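Remember, predicted model here, so these are calculated numbers, not experimental data. Each chain gets a letter, A, B and so on, in the order its sequence line appears, and its residues count up from 1.
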Amino acid sequence: MTLITNSSPFYKNILSTEFYQSKDTLSLARALLGKEIFHETAEGILSGIIVETEAYLQNDKACHAYKGLTARNAPMFGTAGTSYIYFIYGVHHCFNIVSGPDGLGEAILIRALEPKTGLDQMKKNRSKESLKDLCSGPGKLVQAMAIDKNFNGHSLTEPPLFLKQTMKEFEIIETTRVGIGKGKDEHLPYRFYIKGNKFISKP
DNA sequence: GTAGGGATAATCT
DNA sequence: GATTATCCCTACG
């Protein structure tokens, strides 16, 4: 295993707290597209580029924080740029990036990644061979990237789990969110993805 | 290739 | 006791 020190070029271009705090949640959901998530694990480095996001705002009925602070959603009220991870359907975890000022319960769900680094390890984690099956959904990417609930509340400006700038260029498609029930603000156009990218969870 | 439904448990009422 | 920001397998064209 390669030893990486804090002065390594590998840590250049890590997105700072200022990046997350300088935007409202909808703007950040767009800005996160094209950024690359890295996870340093014992089995090596895993990474993927964010190709699909969904925003959840405080005054939005589908938001976990809509009814206020609880034990589960507490990280959503913390500092922008920390992670919020929850368990859903008794089966899957979902990975979110907290947004908005402290005390406001907003976050962005990461719905899909384009796998980049550590492809063999991701295939093992997922028991799938096709690249399209590795990260094309919120539950899938958490499994592929070996993210677990211990990262709930982790600052994404620090290893071993962090985001970096990339040079990617693309067009953004805006549409409605996935899996939102009736009467829960399901019509809001809070889902964003990279036009033409084949690694999104659905068109 | 697509549609339908079951799995499964933390969280909140 | 109901609900849930999902995934995967099976059945059928």
Relative to the ring of A:H39, is the ring of A:F151 parallel (under 30°), tilted (30 to 60°) or perpendicular (over 60°)? perpendicular
Quick check: A:H64 with A:Y86 (ring centres under 6.0 Å apart)? yes
So A:S201, base contact, sugar-phosphate only, or nothing? Heavy-atom distance under 4.0 Å. nothing
Integer-rounded Å distance: B:dC12 P and A:H64 NE2: 10 Å
For side chain to side chain contact (heavy atoms under 4.5 Å, CB included), just list the numbers for A:L188 and A:R177, CA-CA rounded to whole Å, side-chain angles, deciding distance to a tenth of an Å, and then say yes or no. CA-CA 7 Å; A:L188 292 172; A:R177 297 174 291 186; 4.0 Å; yes
DNA chain C: 5'-most and 3'-most nucleotides touching chain A, 4.0 angstrom heavy-atom criterion: C:dT4 to C:dC8
A:K132 atom NZ is separated from B:dG1 atom P, nearest whole Å, by 9 Å
When rounded to whole Å, the CD1 to P distance for the pair A:I88 and B:dA7 reads 18 Å
Does A:C94 or A:K128 map to a spot on DNA chain C nearer the 5' end, using the closest nucleotide for each? A:C94
Distance check needed: B:dA10 P versus A:H92 NE2, whole Å only. 15 Å
Give one of base, sugar-phosphate or nothing for A:R126, where a contact means two heavy atoms less than 4.0 Å apart. sugar-phosphate
Base, sugar-phosphate, or nothing for A:I180, non-hydrogen atoms under 4.0 angstrom? sugar-phosphate
Do A:Y20 and A:E18 pass the side-chain hydrogen bond (donor to acceptor under 3.5 Å, both in side chains) test, and can you show the C-alpha distance, the side-chain angles, and the key distance before you say yes or no? CA-CA 5 Å; A:Y20 299 101; A:E18 147 72 13; over 6 Å; no
Rounded at 0.5 Å granularity, tell me how far CD1 in A:I88 sits from SG in A:C94. 6.5 Å
Under a 3.5 Å cutoff on both atom distances, Watson-Crick or G-U, what's the dot-bracket for DNA chain C ([ ] crossing, | other strand)? ||||.|||||||.
Could you tell me whether A:R177 contacts a base, only the sugar-phosphate backbone, or nothing, with contacts defined as non-hydrogen atoms closer than 4.0 Å? nothing
Taking the inter-plane angle between the rings of A:F38 and A:F162 on a 0 to 90° scale, is it parallel (under 30°), tilted (30 to 60°) or perpendicular (over 60°)? parallel
Closest heavy-atom pair, A:G100 versus A:A80, reported as atoms and distance to 0.1 Å, is O-CB, 3.7 Å
Within 6.0 angstrom of A:K164 NZ, more than 12 heavy atoms from elsewhere: yes
State which residue, out of A:E171, A:E174, A:E52, fulfils the salt bridge (charged side-chain N to carboxylate O under 4.0 Å, His left out) condition with A:R30. A:E174
